[in-house]
Amino acid sequence: MAVVSATPASTLRDSFSVSLTVGTYGAAFGAASVAAGFSVLQTTLLSLLTFSGASQFAIIGVIGAGGSALSGIATASLLGLRNGLYGLRMAPLLKVRGIKRVIASQITIDESTAVALSQQERGEDAMRSGFWLTGFGVFIFWNIFTLIGAFGAQAMGDPAAWGLDAAVPAAFLGLVWPRLKVNADRALAISAMALALILTPLVPAGIPIIATAGVAVLIGLRKS
Amino acid sequence: MSAMWWGVIGTSAIAFALKYSGQSMPAKYLSHPRMQKINNLIPIALLSALVGVQTFAEKTNLYIDHRAFGVGVALIAFSLKAPFPVAVICAAVSSALLYRFA
């Protein structure tokens, strides 16, 4: 592959290590999804087609907890907004059209964007290689590990006996943890959690989570 | 069609639409700092809400049970800079132990 032979070894290494590490989280998703009541086929399709970890955990989390399909889709889609913004950043770099743009879109996620941006010092070719290699790499490993997790959970039976019901919120905690770098972000995290819990007994499942997005937008619109 | 199938299809269709429209829009939208700020804040709010609800809620009721113990262990693990899979496994194991023996 031309893209590989022209790629600095360090870019290859970065892409591969990110792909493999993140890909293994797919096992946690596969197991959680089956534990939430989704079939292995539905779980596999989410990893192939949605291909965005936080959105996937959100849809199985909300529906698994008794929320409606609509509130699940809304939560998952709000979490997927950032992929659109990553696309805005990547498009002028990739300069692709037609089917290549379709493929690039599908693999526009946290990791492919992050690795591409981290290669800035090595030039635009390295950035492009980082994007494609990491995008494809995560896609392959994420889907393989999703299947492993899904079949594993199917063989396990009662999710609580294996701690899967605690693994899902722990996974969400792991997804938000790296984002909590300043006190304002930590305050938002705690307020959002509190608001969601206060609303839980009052409104249908799923709505309390979407409501917290409103708080984020209000804070974002406020002049700082 | 079940809620789960609607969820799978709806989430996948919108996820792709968002990715594709980002790749296809003029880059000038990128330079809006307020958009960037909101883009950083939304995942923090939603993911934190999901941590809370998945830990303490069952449908529309709140409980403190084995899950809270597991997530507490994960919180300690993450604050000790444990890697993601290690912290998640710690949460699962500690929650399962409490579920079985308490």
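Every value quoted in this text rests on a predicted model; they were computed, and no experiment measured them. Chain letters run A, B, ... following the sequence lines, proteins first, then strands; residues in each count from 1.
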With chain B, which of [options] has the greatest number of heavy-atom pairs at distances under 4.5 Å?
options                              : value
A/Leu164, A/Asn83, A/Thr200          : A/Thr200
A/Ala205, A/Ala171, A/Ala74          : A/Ala171
A/Pro169, A/Ala65, A/Ala69, A/Ala192 : A/Pro169
A/Ala104, A/Gly174, A/Ala91, A/Ala58 : A/Gly174
A/Ser77, A/Gly206, A/Gly72, A/Ala213 : A/Ser77
A/Asp185, A/Val215, A/Ile190         : A/Asp185

Under the 3.5 angstrom rule, does the side chain of [X] hit a backbone N or O of [Y] as a donor-acceptor pair?
X        : Y        : answer
B/Gln23  : A/Gln106 : no
B/Thr11  : B/Val8   : no
A/Thr50  : A/Ser47  : no
A/Arg101 : A/Leu94  : no
B/Arg100 : A/Ala161 : yes

Classify the ring geometry between A/Phe139 and A/Phe51 as parallel (under 30°), tilted (30 to 60°) or perpendicular (over 60°).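 Answer is perpendicular, since the angle exceeds 60°.
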Give me the atom names and distance for the closest heavy-atom approach of B/Gly7 to A/Ile63.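 Shortest heavy-atom separation between B/Gly7 and A/Ile63 comes out as CA-CD1, 4.1 Å.
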Please state whether the side chain, the backbone, both or neither of [X] comes within less than 4.5 Å of a heavy atom of chain B.
X        : result
A/Trp177 : side chain
A/Val102 : both
A/Leu78  : both
A/Leu180 : side chain
A/Ala27  : neither
A/Ile109 : side chain

Can you say whether [X] sits under 4.5 Å from chain A via the side chain, the backbone, both, or neither, judging by heavy atoms?
X       : answer
B/Tyr20 : both
B/Leu62 : side chain
B/Thr55 : both
B/Ala91 : both
B/Leu98 : neither
B/Ser2  : side chain

Please confirm whether A/Phe29 and A/Phe57 have ring centers closer than 6.0 angstrom.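 Between A/Phe57 and A/Phe29, which both carry aromatic rings, the centre distance is below 6.0 Å.
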Are a donor atom and an acceptor atom from the side chains of B/Asp65 and B/Tyr99 found within less than 3.5 Å of each other?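 B/Tyr99 and B/Asp65 do not have a side-chain donor-acceptor pair below 3.5 Å.
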Roughly how far, to the nearest 0.5 Å, is CZ of A/Arg179 from CD1 of B/Ile44?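 B/Ile44 CD1 to A/Arg179 CZ: 7.0 Å, rounded to 0.5 Å.
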For chain A, the option from B/Gly70, B/Ser94, B/Ala15, B/Pro43 that forms the most heavy-atom pairs under 4.5 Å: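 Going by pairs under 4.5 Å, I would pick B/Pro43.
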Quick one, B/Val51 and A/Met193 - any side-chain contact, counting heavy atoms below 4.5 Å?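 When only atoms from C-beta onward are counted, A/Met193 and B/Val51 do touch, with a gap below 4.5 Å.
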